[in-house]
Amino acid sequence: METFDAISKRASVREYLNKPVPRDVLEQLIDAGRRAPSARAVEPWEFVAVTERSTLDKLGEMISTGLFLKQATACIVVFCSDTKYYLEDGAAATENILLAATDLGLGTCWIAGDKKEYCEAVAKFFGVPEHLKLISLISAGWPTKEVKQRKRRQVKDVLHWERY
Ligand SMILES: Cc1cc2nc3c(=O)[nH]c(=O)nc-3n(C[C@H](O)[C@H](O)[C@H](O)COP(=O)(O)O)c2cc1C
């Protein structure tokens, strides 16, 4: 798939088939994540890849806006060291993973991490060191139906040439 195809086809998917996501596919996604740009090239990220049913169910219970994790067959949890630009860096890595997943035919959904009330609980659950901040959780699995991108604001409505 061409890059622009993946960008145009990516959409949040919250329903998944009961079919595992192979380990090498998850490794490919992490490979995409770690290739994101980061301020001063610090690469502050750490990724936890989850495939165990009991852990996915537990996350679905912990995360109010991520109930569908109970259906997902994988989840990538993105943490970053508490650097000045941790959030931008972590968001860039998250988007890289979403696009790579689209390219591989996987459905994903970005689930909020930073600023959420469950941040500490999630960090504690995974036993990550204190300097790491939760950026996002990416639910993943094989979509149950064709993925369609939602209607979006058009280029002419968002582009301002030279001045606003
Ligand atoms: C920072 C961020 C946090 C998000 N958090 C959640 C979330 O907690 N739960 C959820 O179902 N979707 C979440 N989303 C997905 C958005 O709802 C989704 O991207 C938006 O509705 C646009 O739809 P699309 O992804 O299909 O284009 C989040 C997206 C972003 C960028």
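Counting starts at 1 for both ligands and their atoms, in listed order. Just so it is clear, the values below take in all heavy atoms, side chains as well, and ignore hydrogens, waters and symmetry mates. Bear in mind the structure is a predicted one, so any value in this text is a computation, not a measurement. Residues take their numbers from the sequence shown, with the count starting at 1.
- Shown are Leu69, Val21, Ile63; of these, the side-chain contact (heavy atoms from CB on, under 4.5 Å) with Cys75 is made only by Leu69.
- Atom CZ of Arg23 has 12 or fewer neighbouring heavy atoms from other residues, nucleotides or ligands inside a 6.0 Å radius.
- In terms of protein heavy-atom proximity, atom 6 (C) of ligand 1 is closest to Trp110 O, 3.1 Å.
- Between Glu15 and Lys145, at least one side-chain N (NZ, or NE/NH1/NH2) sits under 4.0 Å from a carboxylate O, which counts as a salt bridge.
- More than 12 non-hydrogen atoms from other residues, nucleotides or ligands lie less than 6.0 angstrom from CZ of Arg152.
- Heavy-atom contacts from other residues, nucleotides or ligands closer than 6.0 Å to OH of Tyr85 number 12 or fewer.
- Looking at Thr55, its side chain never comes within 3.5 Å of a backbone N or O of Thr51 through a donor-acceptor pair.
- Given atom 20 (C) of ligand 1, the protein heavy atom at minimum distance is Ser12 OG, 4.6 Å.
- Contacts between Cys109 and ligand 1 below 4.0 angstrom, taking non-hydrogen atoms only, involve the side chain exclusively.
- Under the 4.0 Å distance rule, the nearest protein heavy atom to atom 18 (C) of ligand 1 falls inside the cut-off.
- Residue Thr65 has at least one heavy-atom neighbour below 4.0 Å for each of these atoms of ligand 1: 7 (C), 8 (O), 9 (N), 10 (C), 11 (O).
- Of all protein heavy atoms, the one lying nearest to atom 21 (O) of ligand 1 is Arg14 NH2, 4.4 Å.
- Around the CD atom of Glu117, the shell of radius 6.0 Å holds more than 12 heavy atoms that belong to other residues, nucleotides or ligands.
- By the criterion of a heavy-atom distance under 4.0 Å, neither the backbone nor the side chain of Gln149 is placed next to ligand 1.
- The contact set between ligand 1 and Arg152, taken as ligand atoms under 4.0 Å from a residue heavy atom, comprises 27 (O).
- Counting the atoms of ligand 1 from 1 in the order shown, those under 4.0 Å from a heavy atom of Ala11 are 26 (O).
- Within the 4.0 Å heavy-atom shell around ligand 1 one finds Arg10.
- The nearest protein atom to atom 5 (N) of ligand 1, hydrogens excluded, is given as Ala112 N, 3.0 Å; this is a heavy-atom distance.
- Counting heavy-atom neighbours within 6.0 Å of Glu120 CD, excluding the residue itself, gives a total of 12 or less.
- Counting protein heavy atoms only, atom 23 (O) of ligand 1 is closest to Arg150 CD, 3.3 Å.
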